[in-house]
Amino acid sequence: MTSRRGVLKGSLAAVAAAAVWRNGQAQTPRRREHGPDHFVLDPGSPLSATIEGHARAAAIPAFATEGDITALWFDILEPLWRQGKSTVAGVTSPEAIFCLERLAWDHGMRMVFRADEVTNASVTELRLSARPAALDHALSTLVRNPRGQLAQATCLLHCPIAEGPLIAHALRTNGPAPNAHWVSWLMAPRARA
Amino acid sequence: MRTAPGVDAKVFTQALKQFESVVGKEWLFTSDEDLGLYRDAYSPFWGEAEERVASAAVAPDSVEQVQSLLRIANEHRIPMYPISTGRNLGYGGSAPVYSGSVVLDLKRMNRILEVDERNASCLVEPGVSYFDLYRHIRANKLKVWIDCPDPGWGSLIGNSLDHGNGYTMSPYRDHFGAHCGMEVVLANGELLRTGMGAMPGSKTWQQFKYGYGPEIDGLFSQGNSGVVTKMGFWLMAEPECYLSGTVAVDRYDDLGPLLKTFCALIHSNAMTATTRLGSPLQLGRQFGVPPEPEHLALLDKSGVTPAELEQYGKAHDLPYWTIEMKFYGGEEVVEAQWAHTIRRFSKDIVGVHFTKGNLIRFPLSDSDAEAFGDKPSVGIPSLGAFFVGARSPAHPVPSHGHFWLSPVIPISAEAVIEAQRVFADAFKQWGIAPLYRTLPQLYNPRAFYLLFGFAISDDADTNRKTRDTVRKMIKLAAEHGWGEYRTAPAFMDDVMNVYSFNNHALRRFHETLKDAVDPNGILSPGRYGIWPKHLRKST
């Protein structure tokens with residue numbers, strides 16, 4: 001179930017509420033040159049906890065969503081993007097980002113980083129779409145350890161938000177893991193918009 | 001840079017420059033990355049040479065800009081493909097029917113021009129989504145409801161023009177049927193208003209549909225005669241209450257009396273809401289969730305009989321057939337409708353049983369609106385449909401999306417059983433399985449829709465087989481008198497081909513009109529099987 005106006009529990013919730021919700025209206029945050037102004041996290045993802053830690057440390061508001069993203073869209077992101085461009089990163093299901101990406105297009109947003117971590121029968125494949133130049137270190141860490149959560153978190157936090165050519169990597173690793181598919185992503189304003 | 005088909009590259013470049021002068025540089029899209037956004041995410045041609053793609057896209061902000069763009073397109077004979085929001089993924093999305101057309105993206109025209117609470121109507125532009133109108137109504141505490149499809153992220157105008165449906169009651173749930181008045185830009189850039197809007201200063205554009213003279217609004221739905229830039233809709237006055245309940249019968253042979261009584265109720269307006277025929281014994285206890293393994297094994301058993309299923313149902317408390325009844329109005333009214341429902345079905349069917357839902361009072365608070373499970377039934381837009389087939393223990397391998405095939409059948413036991421037999425036999429013979437087992441839905445007041453979902457694959461061979469199957473199904477359905485009400489672009493010609501009475505008189509009439517109002521054939525060539533003269537296969 002999605003929690004309308006849901007934010008992650010604990011101290012982060014207070015950060016998010018203070019930064020984003022005032023008189024029920026989303027506030028347009030200061031623009032950053034790298035990384036997101038907001039996070040969207042599905043608590044079911046193993047990466048979510050790592051990101052949450054980074055978000056807390058960096059005082060970046062984060063919102064929780066599980067399954068249906070209707071409330072996240074209607075209450076948080078649409079009002080946010082209607083007020084102005086804001087870079088948002090997330091770790092969600094592929095269905096969630098499928099919907100969010102299409103909705104974001106209408107607000108002049110564009111996907112600039114995407115990593116799909118797909119585990120089937122204990123084989124994990126990581127497919128990356130990113131601008132590698134500014135992410136060399138994090139990407140090389142991912143190449144050595146495709147399930148490196150810290151490296152994925154680093155990519156999300158430091159991904160340049162400018163548009164650029166996307167490249168794809170496909171990495172595979174073996175290990176015990178249940179079938180799953182999580183997408184970490186970052187959407188930034190289109191350069192021309 | 002891509003070029004529109006049949007257009008010289010220099011001419012195309014010149015036309016794009018003129019488009020740019022109308023909308024500004026940032027609203028003309030020609031890069032592969034930009035145009036990738038207009039691909040049909042659920043295309044059955046995904047990644048193949050035949051996939052329909054745009055050569056460019058242009059996004060105007062006003063009616064005047066639409067007029068200017070069409071005049072330019074007409075001058076250079078550039079095929080244009082208008083979209084409202086392009087969110088109709090199961091039936092084609094934002095990709096043009098005629099590959100290489102320029103997408104005329106109307107999303108920026110997203111103004112809610114009027115919501116008239118007293119007369120329960122609205123006037124909107126094409127880029128207004130159900131979410132937008134819902135937000136406006138909530139923010140202004142207006143006592144009207146929208147009727148939205150599921151998912152509800154699309155455009156009111158786009159969904160209506162495609163004959164989309166919602167989930168409340170008639171006439172609002174038939175979205176084209178609930179429209180009242182249009183503004184249309186014709187291919188030559190001329191502006192037209194229909195209904196009472198044709199009279200300058202009219203006070204009843206959104207109240208009286210017909211205006212004066214022949215009604216022409218239908219020409220702009222599922223068609224390609226003009227670009228709709230404004231449209232009025234009747235809204236539902238917020239009811240005091242909503243009450244739903246389920247009627248259930250346990251025997252296979254109860255379907256006849258169940259649907260006979262159901263028809264008597266809907267034809268007397270005792271129940272006018274969208275609903276579906278359910279069968280927990282055929283589809284599982286919960287909609288959208290596969291049956292339990294033991295149940296599934298029984299269903300998959302070759303030659304399983306209704307009697308065997310009835311026996312399983314008796315042991316596991318599963319009815320054979322169900323219908324949900326939904327009522328809107330004052331508390332005393334909906335309670336009386338439910339009591340009437342019980343009386344009528346009990347009189348006609350021995351052993352029928354009922355489950356009454358909770359009485360819901362309106363308006364809902366924000367938290368109650370969020371918590372409400374069946375949002376579209378109370379006019380709340382949702383994206384929940386995208387998560388029904390998401391990865392879960394019940395769905396270990398989610399699909400890449402799907403498109404729909406939707407034959408229309410009569411509301412009768414004979415038709416339901418015949419359709420089940422015909423398609424089950426065909427699927428067995430062809431060795432295929434559609435995405436969902438299906439039972440008919442009552443989106444239309446007087447007919448059932450069967451909705452077959454077909455999964456899109458990354459594998460071109462699989463998609464090719466799926467396309468072949470769908471084409472065979474279209475013909476098979478037509479042989480039994482069942483036609484599709486709507487279809488994805490890949491199959492628009494196939495469906496139009498089976499509407500062939502008197503040597504395709506209907507299509508020839510459409511073509512005559514097309515040639516008259518769009519002689520250069522620039523608007524949505526091929527949409528719903530209507531091609532301009534220079535692109536018809538026979539010419």
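Bear in mind that the values here come from a model prediction, so they are computed numbers and not experimental data. Within every chain, numbering begins at 1; the chains are lettered A, B, ... in the order of the sequence lines, protein sequences first and strands thereafter.
Taking CG of B:D366 as the start and CG of A:D75 as the end, the distance is 7.0 Å to the nearest 0.5 Å. Here the straight-line distance linking atom CD of B:E370 with atom CZ of A:F74 works out to 11.5 Å at 0.5 Å rounding. In this structure, A:R102 CZ and B:S94 OG are separated by 8.5 Å, a value rounded to the nearest 0.5 Å. Expressed to the nearest 0.5 Å, how far OG1 of B:T85 lies from CH2 of A:W105 amounts to 12.0 Å.
Here the shortest heavy-atom pairing between A:T70 and B:L383 reads OG1-N, 2.6 Å.
In this structure, B:Y42 and A:F98 have parallel ring planes: the angle between them is below the 30° cut-off, well short of the 60° mark.
Ranked by non-hydrogen atom pairs under 4.5 Å with chain A, the options B:K107, B:R135, B:R108, B:R87 are led by B:R135.
Only the backbone of B:P381 comes within contact range of chain A, judged by heavy atoms closer than 4.5 Å.
In this structure, B:D34 pairs ionically with A:R110, as a charged nitrogen and a carboxylate oxygen lie closer than 4.0 Å.
No side-chain heavy atom of A:W73 sits under 4.5 Å from any side-chain heavy atom of B:W153.
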